[in-house]
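I have placed the structure first, in the form of structure tokens, so that the comments after it can refer back to it.
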Amino acid sequence: QVQLVESGGGLVQAGGSLRLSCAASGRTFSLYAMGWFRQAPGKEREFVAAISGDGGSLYYADSVKGRFTVSRDNAKNTEFLQMNSLKPEDTAVYYCAATPTRTFYYGRYYATREYDYWGQGTQVTVSP
């Protein structure tokens with residue numbers, strides 16, 4: 001069992017940056033592969049980025065590749081999402097998620113059903 005708490009959201013102008021954090025409870029954080037998803041009003045939750053338990057494998061949605069960077073600090077039980085060059089279309093509630101495997105064995109890092117644990121979400125609003 002793991003509990004996830006996101007922080008770092010807020011209001012930023014287009015072109016700006018934000019860094020989201022996801023703090024996890026428990027002592028076996030490195031055994032969980034992690035992901036970031038987002039959901040805009042009236043839209044389905046969509047994949048943003050994912051990272052394996054050891055941080056060695058990173059995955060990104062095409063829409064954020066080159067602008068967002070996912071990372072983790074296993075000693076601090078925390079996952080991060082550095083978001084640069086933000087656009088109004090990045091506006092959404094951002095969720096971190098965890099799956100109790102070190103890696104994505106079937107490559108389904110983009111699927112919400114692959115994750116067992118979810119945070120409550122943090123709002124990111126990008127103004128034009």
Side-chain angles (χ1 to χ4, degrees):
Q1 186 79 12
V2 63
Q3 293 182 325
L4 305 173
V5 179
E6 303 97 335
S7 62
L11 173 64
V12 64
Q13 288 188 329
S17 299
L18 282 174
R19 190 192 197 202
L20 304 184
S21 298
C22 175
S25 64
R27 295 176 290 178
T28 57
F29 184 61
S30 62
L31 298 182
Y32 291 79
M34 302 290 295
W36 286 99
F37 289 75
R38 65 187 182 187
Q39 189 166 18
K43 295 188 176 181
E44 292 188 353
R45 191 168 298 189
E46 66 173 5
F47 168 73
V48 176
I51 185 169
S52 59
D54 64 358
S57 297
L58 309 178
Y59 309 90
Y60 296 97
D62 288 343
S63 59
V64 306
K65 203 171 292 184
R67 299 189 298 123
F68 290 12
T69 302
V70 61
S71 62
R72 64 192 296 160
D73 184 340
N74 286 343
K76 296 183 178 180
N77 282 16
T78 305
E79 181 196 21
F80 303 99
L81 185 67
Q82 178 66 44
M83 306 186 294
N84 299 329
S85 302
L86 283 161
K87 305 175 181 180
E89 50 264 43
D90 294 319
T91 295
V93 176
Y94 282 70
Y95 299 89
C96 68
T99 182
T101 58
R102 287 191 178 92
T103 188
F104 301 96
Y105 292 107
Y106 302 102
R108 292 195 292 259
Y109 50 83
Y110 51 85
T112 57
R113 65 181 181 274
E114 202 69 7
Y115 298 84
D116 293 334
Y117 307 102
W118 293 83
Q120 83 290 348
T122 185
Q123 177 70 47
V124 171
T125 303
V126 184
S127 62

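- In this structure Q123 satisfies the side-chain hydrogen bond (donor to acceptor under 3.5 Å, both in side chains) test together with T125, sequence neighbours excluded.
- Within the model, atoms CG of L11 and OG1 of T91 stand 8.5 Å from one another, a figure rounded to the nearest 0.5 Å.
- Closest of all the heavy-atom pairs between S21 and T78 is CB-CG2, 4.2 Å.
- Applying the side-chain hydrogen bond (donor to acceptor under 3.5 Å, both in side chains) criterion to S17, with sequence neighbours excluded, gives N84.
- The shortest non-hydrogen separation linking M34 to C22 is CE-SG, 4.1 Å.
- Checked options L81, V48, V70; the residue passing with L20 is L81 (criterion: side-chain contact (heavy atoms from CB on, under 4.5 Å)).
- Contacts classified as salt bridge (charged side-chain N to carboxylate O under 4.0 Å, His left out) and involving residues 37-50 (residues at least two apart or in different chains) are given here: R38-E46, R38-D90.
- With rounding to the nearest 0.5 angstrom, the OH atom of Y60 is 7.0 Å from the CD1 atom of I51.
- Between the OG atom in S63 and the CZ atom in F68 there is a gap of 7.5 Å [rounded to 0.5 Å].
- Scored by the side-chain hydrogen bond (donor to acceptor under 3.5 Å, both in side chains) test, T122 finds no partners at all (sequence neighbours excluded).
- From T69, atom OG1 reaches atom CZ of R19 across 10.5 Å, with rounding to the nearest 0.5 Å.
- The two atoms that bring D54 and G56 nearest to each other are OD1-N, 2.8 Å, heavy atoms only.
- By the 4.5 Å heavy-atom criterion applied to side chains, L4 and Y95 are not counted as neighbours.
- Atom OG1 of T99 is separated from atom CZ of R102 by 12.5 Å, given to the nearest 0.5 angstrom.
- Within 6.0 Å of the OH atom in Y105, the count of heavy atoms belonging to other residues, nucleotides or ligands exceeds 12.
- For CD of Q3, the number of neighbouring non-hydrogen atoms (other residues, nucleotides, ligands) closer than 6.0 Å is 12 at most.
- Using a 4.5 Å cut-off between side-chain heavy atoms of Ile, Leu, Val, Met, Phe, Trp and Tyr, with links allowed through other members, Y110 and Y115 fall into the same hydrophobic cluster.
- The ring-ring contact (aromatic ring centres under 6.0 Å, His included) check on Y109 picks up F47, Y59, with sequence neighbours excluded.
- Following chains of ILVMFWY side-chain contacts shorter than 4.5 Å, one cannot reach V12 starting from F80, and the two form parts of different hydrophobic clusters.
- Listed for the R72 side chain is a donor-acceptor partner under 3.5 Å among the backbone atoms of S52.
- Going from atom CH2 of W118 over to atom CZ of F37 covers 4.5 Å, rounded to the nearest 0.5 Å.
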Set out, in order, the CA-CA distance, both residues' side-chain angles and the distance that settles side-chain contact (heavy atoms from CB on, under 4.5 Å) for Y94 and E6, then state yes or no.
CA-CA 8 Å; Y94 282 70; E6 303 97 335; over 6 Å; no
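- Residues W36 and E79 have side chains that bring a donor and an acceptor to within less than 3.5 angstrom of each other.
- Taking hydrophobic clusters as Ile, Leu, Val, Met, Phe, Trp and Tyr residues chained together by side-chain heavy-atom distances below 4.5 Å, V124 does not share a cluster with V5.
- Nearest approach of N74 to S30, heavy atoms of both residues: ND2-CB, 3.4 Å.
- Sorted by first and then second residue, the salt bridge (charged side-chain N to carboxylate O under 4.0 Å, His left out) pairs involving residues 112-125 (not counting sequence neighbours) are R108-E114.
- Minimum heavy-atom separation, A92 to A40: CB-N, 3.8 Å.
- Counting only heavy atoms from C-beta outward, the side chains of Y117 and Q1 approach each other to under 4.5 Å.
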